[in-house]
2 protein chains.
Amino acid sequence: MRIETLKKAGLATLASAGMLALTAGAAFAADAPKPKAPTMGELLTASKPDDWRPLDPENTVYLELANGRVVIELATGFAPQHVANVKALAREHYFDGLAIVRAQDNYVVQWADPDSENTNLARKILQAKKTLPPEFERSADVGLPFTPLPDGDVYASQVGFSSGFPVARDPKSGKIWLVHCYGMVGAGRDTAPDSGGGTELYVVIGQAPRHLDRNVTLLGRVVEGMELLSPLPRGTGPLGFYEKPEQRVPIKAIRVAADVPLAERTALEVLRTEAPIFKDVIESRRNRPEDWFHLRAGRIELCNVPIPVRKVIR
Amino acid sequence: MRIETLKKAGLATLASAGMLALTAGAAFAADAPKPKAPTMGELLTASKPDDWRPLDPENTVYLELANGRVVIELATGFAPQHVANVKALAREHYFDGLAIVRAQDNYVVQWADPDSENTNLARKILQAKKTLPPEFERSADVGLPFTPLPDGDVYASQVGFSSGFPVARDPKSGKIWLVHCYGMVGAGRDTAPDSGGGTELYVVIGQAPRHLDRNVTLLGRVVEGMELLSPLPRGTGPLGFYEKPEQRVPIKAIRVAADVPLAERTALEVLRTEAPIFKDVIESRRNRPEDWFHLRAGRIELCNVPIPVRKVIR
């Protein structure tokens, strides 16, 4: 959750406002006293248990680093083959001992087998696949849910959310696809569209690189632990690759959550992007009710909408 | 400069393409062999000396950190009072010995006087001003240049560039304003619009927080050294503030470049956003000619357009 104040002293001004009904899409009229709309924080505090869904351990992977765990939700509805392959790779311990090899400022961090181009040293793939046909987009006919955003988009005719992921849709082509917002996870590839498969994964750490949409298979989203990836030192080689082996960030393991003992799992819930409350969250970010805002934007761009995640309280 | 390839092996495929004329706005037709459009790198290689302008040392400040220098170009055309005040603060050494006190993931880093709320310990301001009236927007009548982007925007009716800065414009109100893209620098404030002034400055390190546009005075842009700010450890307090004093990142000094001996300055040039070549650069990013791209976006969002900067070769 992100609350605005851009001066230290402003912290004191974040007193909470009354919880009142919210009129979606209402214009902000500075001259008319209006019932105070709820902030996102207030909406989440007032949420009901059913507004949240637990992560499915079969569709969650943990990237284990020396300083903590990055939790990735897999988008099985959008990239079923890539998701299955990343899980297969994780289950044969393909990633264990590999490394984050690239951190390009305002763009991506990426992990891979540093020796992938050396036939003798390259990590062997057992049951999983090395490459796969691309899953850049899906037919909207498969019935994936879609919660639209009302404010348009520079890159696509429709944008919104589907099962917790930012997506775009094109009614003409009948396609729907995942979008490169902050924290999205994709499968690196070479020039050929079918040269990826999940052995090299990247995470967006900067301004949404939307020109990559439908050019790479996105397969998930970091739901916890971005602060372990986004502050990595930027690589000084071309494209942000680390120039020296010792600069790389070792990966202890990638594990499917279902394979981790229950007590060691990270129990998280994601706000349902199909629940009515999510529309209120969107509205609370289109027109920020916090007193700090002198001018409410009245609009929001897809990658600025937070998808709330919380710890499960057991 | 940023070149795409999302797999290690793809590095080898970045052979340069022929340098040919570019038709702005041309649709990408996959079935028709077309003259290869130049990449941004090729355009810059072929640029003329007059396509670039040196930074004005009177409108450039250096944020000096233990591990290097961050170079900030000041937007004197958009925030003349704030720019003058930041320079005055720098010249009375207000910032020297203060610290980066906040790093909020996917949002901002910010520096300030950690003791600003303690009357006894707070850094004294001598000639500069503590606060200023806001400079959230400017009348378009002042004649600031404007290079428009063709692809629209979620937040504003017109967006483009002015003297090296990303801007938005509203013909109805006759206003033009700086936009919160990655690397933009603003003056933190409390709830009152006139409570900022430049004593606390923030830099955008994540997805463009466009809801801040016209809510805070932006006054510059980091043109070199983002990789010293964006990887700072994220603060674990509310809003990303560091919880312990020892976590803060000390500021050695902020200096106006003109006050630094010539031999110690960072000699940089910025591509003129009013020069014809910049339109070609925009086109090279709207329709990426690199072979890696399976689908060219044909569009670009304001904060995805790079504003090229290079070292002056003397």
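Everything numeric in this text was worked out from a predicted model, so none of it was measured. A note on names: the letters A, B, ... follow the listed sequences, proteins ahead of strands, and every chain is numbered from 1. Atom set for the values below is all heavy atoms of this structure, side chains included, hydrogens, waters and symmetry mates excluded.
- In this structure, A:W292 and B:R189 approach most closely via the heavy-atom pair O-NH2, 2.8 Å.
- Interatomic distance, CG of A:D153 versus CG of B:D151, reported as 11.0 Å (0.5 Å rounding).
- Atom CD of A:E301 and atom CZ of B:R210 lie 6.5 Å apart (nearest 0.5 Å).
- For the atom pair OH of B:Y155 and CZ of A:R286, the computed distance is 10.0 Å after rounding to the nearest 0.5 Å.
- In this structure, chain B has heavy atoms under 4.5 Å from both the backbone and the side chain of A:I300.
- Contact count against chain B (heavy-atom pairs under 4.5 Å) is highest for A:C303 among A:G206, A:C303, A:G152.
- Listed here is the closest heavy atom pair of A:A208 and B:Q207: N-OE1, 2.8 Å.
- Atom NZ of A:K129 is surrounded by 12 or fewer heavy atoms from other residues, nucleotides or ligands within 6.0 Å.
- Looking at A:Y182, the atoms closer than 4.5 Å to chain B (heavy atoms on both sides) all sit in the side chain, from C-beta outward.
- Once rounded to the nearest 0.5 Å, the distance linking CG of A:N106 with CE of B:M226 reads 7.0 Å.
- The two atoms that bring B:D105 and A:E227 nearest to each other are OD2-N, 4.3 Å, heavy atoms only.
- The distance from atom CG of A:L228 to atom CZ of B:R234, rounded to the nearest 0.5 Å, is 10.5 Å.
- Closest heavy-atom contact between A:L295 and B:D213: CD2-O, 4.2 Å.
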